[in-house]
Each structure stands twice: as structure tokens, then as C-alpha cells.
2 protein chains.
Amino acid sequence: MAASDWSEHVHAVLSEAGLKRGGARERVIELLAREPCALSAVEIEDELRARGRPTGRASVYRVLELLAEHGLVERVAVGDGQTRFERSQPGGDHHHHLVCEQCGRLVAFDDPGLEHAIDRLSERLGVTIDSHDVLLRGACRSCG
Amino acid sequence: MAASDWSEHVHAVLSEAGLKRGGARERVIELLAREPCALSAVEIEDELRARGRPTGRASVYRVLELLAEHGLVERVAVGDGQTRFERSQPGGDHHHHLVCEQCGRLVAFDDPGLEHAIDRLSERLGVTIDSHDVLLRGACRSCG
DNA sequence: CATTATCTGGGAATGAGTCTCATTCCCGTT
DNA sequence: AACGGGAATGAGACTCATTCCCAGATAATG
């Protein structure tokens, strides 16, 4: 899904939900569309200000919350005390992350074996799993 | 590993590292030894005060940091804005958690299949994995 | 028991995230 | 094009976990 497709998809979903448009929303969506890397609310606020489009903190958090509610972004926790957000893949596809302890870079990956193991786990434990997160810590290929 | 064994192990490791003893340290260690469930620093501070052994906030955080550095406790992030800590198992054994979205309870589990999937992943991606976290969100057996 | 490095705790500082509320904006209706 | 009401926005106060600072207490050692 290209950035522009994602952004169109977002607008379609939000309009479908009967929501109006607004400057702050457009700006945050546009930024997320162009920067697929996981961004924190603070980074988004700073980046928008740096681009000469200052946007209220409350609005940034509101937009992120709204997008998350509609499954349009995913929260990514990498263990620094901040919540990061990145646009989610279509069709329920999702990936996880490796945090490189040397360079701090975030490496995305997906793995059917891992997903399968989690599915089986759900049955074994007799619980319902709505969602899951996996975070690896280590050295990325360049640093390892 | 029984609680008392863990507590002895902790004292052995810290003494080996040439550290002195102190009241705050003893109190936090004792509490963690008896309550294997993942506790946050705030909960620890409150619980100690409730037991009539008030302990400075800074000391609680310092002890937890110290124990974590020596691999004696593990940080558990469940996505509320707090870091939780629980005594770590011997021999590198470890488990993961399911957060019940209904009752908020934390359910611990382990799964060789999951660990295996992560091991293979390391090879497939060509990266070194030092540690990993898995967090499931869903409904526990009583709520599901 | 003197010495000294370590430990402790009160409180101020920090920083992410939340809340409030007055103002502004969008958009269907007139 | 003007209107009206609900939605969206933003400034800043606020919460709350965590960190920092520093002066005073304490444990181990000789």
C-alpha cells in the first residue's frame, strides 16, 4: 500500500464515519503517510512545528487516538517511555519490530511461524487473544 | 525457585558485587520475593507504606534498577503507562503475559513453540536477538 | 569507634500524556 | 451567500510515573 493510497483510505474511512475534516487531522495524516517509520506523538508535534505547520498537542493525540480506534494506525511500544504510531497495513497484515541496541534503529519483520505459534497458544491456554505484540531486542544486520 | 531461594540468590549476587546492605533494599527485595506477580514501583512504594515500612520513592526505583542490571528482576510492560517488575526465573527460563481486557488481570504463560519460532526467526533475519517480549491482549479464561 | 564510601529519602524537576474550555471551522440547509 | 449547530482545534493547566539532587544516615572495615 503506497503512502497516497493509505492516506486516501484513511479519508474514506473517516468520511464514512461521518467525521468532518480539519487542519490538524490533515497534517497528522499527511505526515504519517510520508513517514512510515514509527513516530511518537512528540516527534509528530515537533516535526509539524519544524515544517511551519504548528499543531496543538491535544490535537495530535486526538488524531492518533482516532486513527487507532479505526484501525488505521498501530501503536508500537519499543520500551522507551513513549508510544509510537505507524500506519497499519491493509487486510489485517501486521508486523513486529526488532530494536537494535547498538544503533537504536527499528527493524520491521513479519513471520508466519510466529503468528502460527501464537494461534496455537490461544487454543492451548483456552483464552481469546484479540491482539499481540512481539518486541525483539538485539543487533540489526548492520550492527550485528 | 521458591521465594526464599530467590531472595538468598539476590543477596548472594549483590554481596558478590561488593555492595552494602540497606533497609530500603532489603524491604523491596523481601516484597518482591513474596509477591511474584508483576508489581510497579508505585505499587511497591504504596504496599511498603501500608505495611508500616515507608520507603523513599527514589530508593524503590534505585533498587529496581539495580536488580534489573543484575538480571534479578525483569521489566514487564503491559501498556498502561507503568513499568512493572517481577523476579526473574533462574536458568534463563522466562514467561510472557496475557493482559485480560475485561478484568485487567495479568496471566503468565510460557510456550516452547513460541520460543522456538523466535529462535528460528533470528536465523532467518540474520540478526542477533538478545531478548524478546511477547504481550497478548484478550480475555482470560474466567472472562472469555 | 573512627572513617568513608555507600545508601537513603524528601522534594524539586522532568516529560509524556490528558483534560478543559473558549474559539474556530466545516458543511448541510435556507 | 449567509446561517446554525455540531465537530475540530489549540493554549495551557494538570496528572502521574519516573528521574535528579543533595544532605544526612548507615554499614562494613581496621
Side-chain angles (χ1 to χ4, degrees), chain A residues 10-32 38-70 72-85, chain B residues 10-31 38-70 72-73 75-86 104:
Chain A
V10 169
H11 284 125
V13 170
L14 296 183
S15 140
E16 180 68 21
L19 301 171
K20 294 182 182 173
R21 287 182 172 223
R25 201 121 92 196
E26 300 293 314
R27 294 196 289 276
V28 172
I29 291 169
E30 191 211 344
L31 183 61
L32 284 172
L39 295 171
S40 70
V42 173
E43 285 167 351
I44 291 171
E45 192 189 351
D46 291 348
E47 177 63 21
L48 288 176
R49 186 178 321 104
R51 292 187 184 186
R53 323 277 305 274
T55 301
R57 186 178 321 134
S59 298
V60 172
Y61 282 101
R62 260 190 306 250
V63 173
L64 292 171
E65 171 66 27
L66 180 71
L67 296 178
E69 272 171 16
H70 286 82
L72 298 164
V73 296
E74 295 204 353
R75 286 177 218 266
V76 180
V78 300
D80 59 348
Q82 278 178 268
T83 304
R84 285 162 190 290
F85 298 82
Chain B
V10 169
H11 283 126
V13 170
L14 296 183
S15 140
E16 180 68 21
L19 300 171
K20 293 182 181 173
R21 288 185 171 220
R25 202 121 91 198
E26 300 293 315
R27 295 195 289 277
V28 172
I29 291 169
E30 191 212 344
L31 183 61
L39 296 171
S40 71
V42 172
E43 285 167 351
I44 291 172
E45 192 190 349
D46 290 348
E47 178 62 22
L48 288 176
R49 185 174 325 103
R51 293 187 183 184
R53 320 278 304 274
T55 300
R57 188 176 320 132
S59 298
V60 171
Y61 280 101
R62 257 192 307 252
V63 173
L64 291 172
E65 172 66 26
L66 180 71
L67 296 178
E69 273 171 17
H70 290 269
L72 298 164
V73 296
R75 286 177 219 267
V76 180
V78 302
D80 60 346
Q82 280 179 267
T83 304
R84 285 163 189 289
F85 298 82
E86 64 181 22

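Nothing here was measured: the structure is a model prediction, and the numbers come from that model. Chain identifiers are assigned alphabetically (A, B, ...) following the order of the sequence lines, protein sequences preceding nucleic acid strands; residue numbering begins at 1 within each chain. These values consider heavy atoms only, across backbone and side chains, with no hydrogens, waters or symmetry-generated copies.
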For A:Tyr61 and A:Arg57, what are the C-alpha separation, side-chain angles and deciding distance, and is it a side-chain contact (heavy atoms from CB on, under 4.5 Å)?
CA-CA 6 Å; A:Tyr61 282 101; A:Arg57 186 178 321 134; 3.5 Å; yes
Between A:Leu39 and A:Glu47, is a side-chain contact (heavy atoms from CB on, under 4.5 Å) present by the stated rule, with each step listed?
CA-CA 10 Å; A:Leu39 295 171; A:Glu47 177 63 21; over 6 Å; no
For a side-chain contact (heavy atoms from CB on, under 4.5 Å) check, start with the C-alpha distance between A:Leu32 and A:Leu64, then their side-chain angles and the critical distance, and finish with the verdict.
CA-CA 10 Å; A:Leu32 284 172; A:Leu64 292 171; 4.0 Å; yes
Step-by-step side-chain contact (heavy atoms from CB on, under 4.5 Å) determination, A:Phe85 to A:Glu74:
CA-CA 5 Å; A:Phe85 298 82; A:Glu74 295 204 353; over 6 Å; no
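Less than 4.0 Å separates DNA chain D from at least one heavy atom of each of the following residues of residues 54-68 of chain B: B:Arg57, B:Ala58, B:Tyr61.
Among the protein residues, A:Arg27 comes within range of the sugar-phosphate backbone only, with heavy atoms under 4.0 Å from sugar or phosphate atoms but none that close to a base. A:Thr83 comes within 4.0 angstrom of sugar-phosphate atoms only, judged by non-hydrogen atoms across all strands, and of no base.
Nearest-nucleotide positions on DNA chain D place B:Gly81 closer to the 5' end than the other of B:Gly23 and B:Gly81. With DNA chain D read from its 5' end, the first of the two nearest nucleotides for B:Arg21 and B:Gln82 is the one closest to B:Gln82.
Across B:Gln82 and B:Ser40, no two heavy atoms sit closer than the pair NE2-OG, 2.7 Å. A pairwise comparison of heavy atoms in B:Ala38 and B:Arg84 identifies O-NH1, 3.4 Å as the closest pair.
More than 12 heavy atoms of other residues, nucleotides or ligands shown are found within 6.0 angstrom of CD on B:Glu69.
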Polar atom pairs (N or O), protein with nucleotides 2-6 of chain D, under 3.5 Å:
| residue | atom | partner | partner atom | Å |
| --- | --- | --- | --- | --- |
| D:dG5 | N2 | A:Lys20 | NZ | 3.2 |
| D:dG6 | N2 | A:Lys20 | NZ | 2.5 |
| D:dG6 | N3 | A:Lys20 | NZ | 3.0 |

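At whole-Å resolution of the value, CD in B:Glu26 and C1' in D:dT26 are 13 Å apart.
Chain B approaches DNA chain C over the interval C:dA5 to C:dA12, counting the first and last nucleotide 5' to 3' with an atom under 4.0 Å from its heavy atoms.
B:Glu86 pairs by the side chain to side chain donor-acceptor pair (under 3.5 Å) definition with B:His95, B:His97, not counting sequence neighbours. Legend: residues meeting side-chain contact (heavy atoms from CB on, under 4.5 Å) with B:Val13, ordered by chain and number and at least two apart, are B:His9, B:His70, B:Leu72.
Looking only at side-chain heavy atoms (C-beta outward), A:Asp46 and A:Arg49 come within less than 4.5 Å of each other.
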Indicate every side-chain donor-acceptor pair of residues 21-29 of chain B with a distance under 3.5 Å to a residue at least two apart or in another chain.
| residue | atom | partner | partner atom | Å |
| --- | --- | --- | --- | --- |
| B:Arg25 | NH2 | B:Lys20 | O | 2.8 |
| B:Glu26 | OE1 | B:His11 | NE2 | 3.1 |
| B:Glu26 | OE2 | B:His11 | NE2 | 3.3 |
| B:Arg27 | NE | B:Thr55 | OG1 | 2.7 |
| B:Arg27 | NH1 | B:Gly23 | O | 3.4 |
| B:Arg27 | NH2 | B:Thr55 | OG1 | 3.2 |

